[in-house]
> 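Encoded as structure tokens, here's the structure I'll be asking about.
Since the structure is predicted, the reported quantities are computational estimates derived from the model, not experimental observations.
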Amino acid sequence: MLANNIVYYRLKKGWTQEELADKLGTTPNYISNIENAKRNVRIDYIGFIANIFDIPLEQLFIERQPVVCHRMPKR
């Protein structure tokens, strides 16, 4: 659920994984691992992600339809 919501909000903002990684001060590889549910995320870091997206923390825990395409269209 968390991974899907991170993808959802990243795409809603129109950001690539690289852009989100820059905003969070991490690597695109780490973002990819989070979005593919290959890494666990500390609760305080989830709060940081919510702040970057400018959304309430609980929005990252709402069940949504799975995001099918994780890629941004080429510009």
> How far does OH of Tyr8 sit from CG of Leu60, to the nearest 0.5 angstrom?
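So the gap between those two atoms works out to 11.5 Å.
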> Would you say Asn33's side chain and Lys38's backbone share a donor-acceptor pair under 3.5 angstrom?
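Checking the backbone N and O of Lys38 against the side chain of Asn33, no donor-acceptor pair under 3.5 Å is found.
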> Starting at NZ of Lys13, measure out to CD1 of Ile55 and round the result to the nearest 0.5 Å.
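Taking NZ in Lys13 and CD1 in Ile55, the distance rounds to 8.5 Å.
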> If you measure from the Lys or Arg side-chain nitrogens to the Asp or Glu carboxylate oxygens, is any gap between Glu35 and Arg10 under 4.0 Å?
yes
> Rounded to the nearest 0.5 Å, how far does CG of Leu57 lie from CG of Asn51?
8.5 Å
> For the CD1 atom of Ile6 and the CG atom of Leu2, what is their distance to the nearest 0.5 Å?
4.0 Å
> Say you draw a straight line from OG1 of Thr26 to OH of Tyr45; how long is it, rounded to the nearest 0.5 Å?
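Here the rounded value is 4.5 Å.
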> Would you check, one step at a time, whether the test side chain to side chain contact (heavy atoms under 4.5 Å, CB included) holds for Phe53 with Trp15?
CA-CA 10 Å; Phe53 287 141; Trp15 297 341; 3.6 Å; yes
> Between Lys23 (side chain only) and Ile52 (backbone N and O only), is there a donor and an acceptor less than 3.5 Å apart?
no
> Give, for atom CG of Asn5 and atom CE of Met1, the distance between the pair rounded to the nearest 0.5 Å.
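Those atoms lie 7.5 Å apart.
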> So do Leu20 and Glu18 actually touch side chain to side chain, heavy atoms under 4.5 Å?
no
> Do Ile46 and Phe61 make a side-chain contact, defined as non-hydrogen atoms from C-beta onward lying under 4.5 Å apart?
yes
> Search all heavy atoms of Ala21 against all heavy atoms of Pro28 and return the closest pair with its distance.
CB-N, 3.5 Å
> Verify the neighbour count for atom CG of Asp54: are there more than 12 heavy atoms of other residues, nucleotides or ligands below 6.0 Å?
no
> Got a sec, which residues hit side-chain hydrogen bond (donor to acceptor under 3.5 Å, both in side chains) with Asn36, two or more places apart in sequence or on another chain?
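side-chain hydrogen bond (donor to acceptor under 3.5 Å, both in side chains) list for Asn36, sorted by chain: Ser32.
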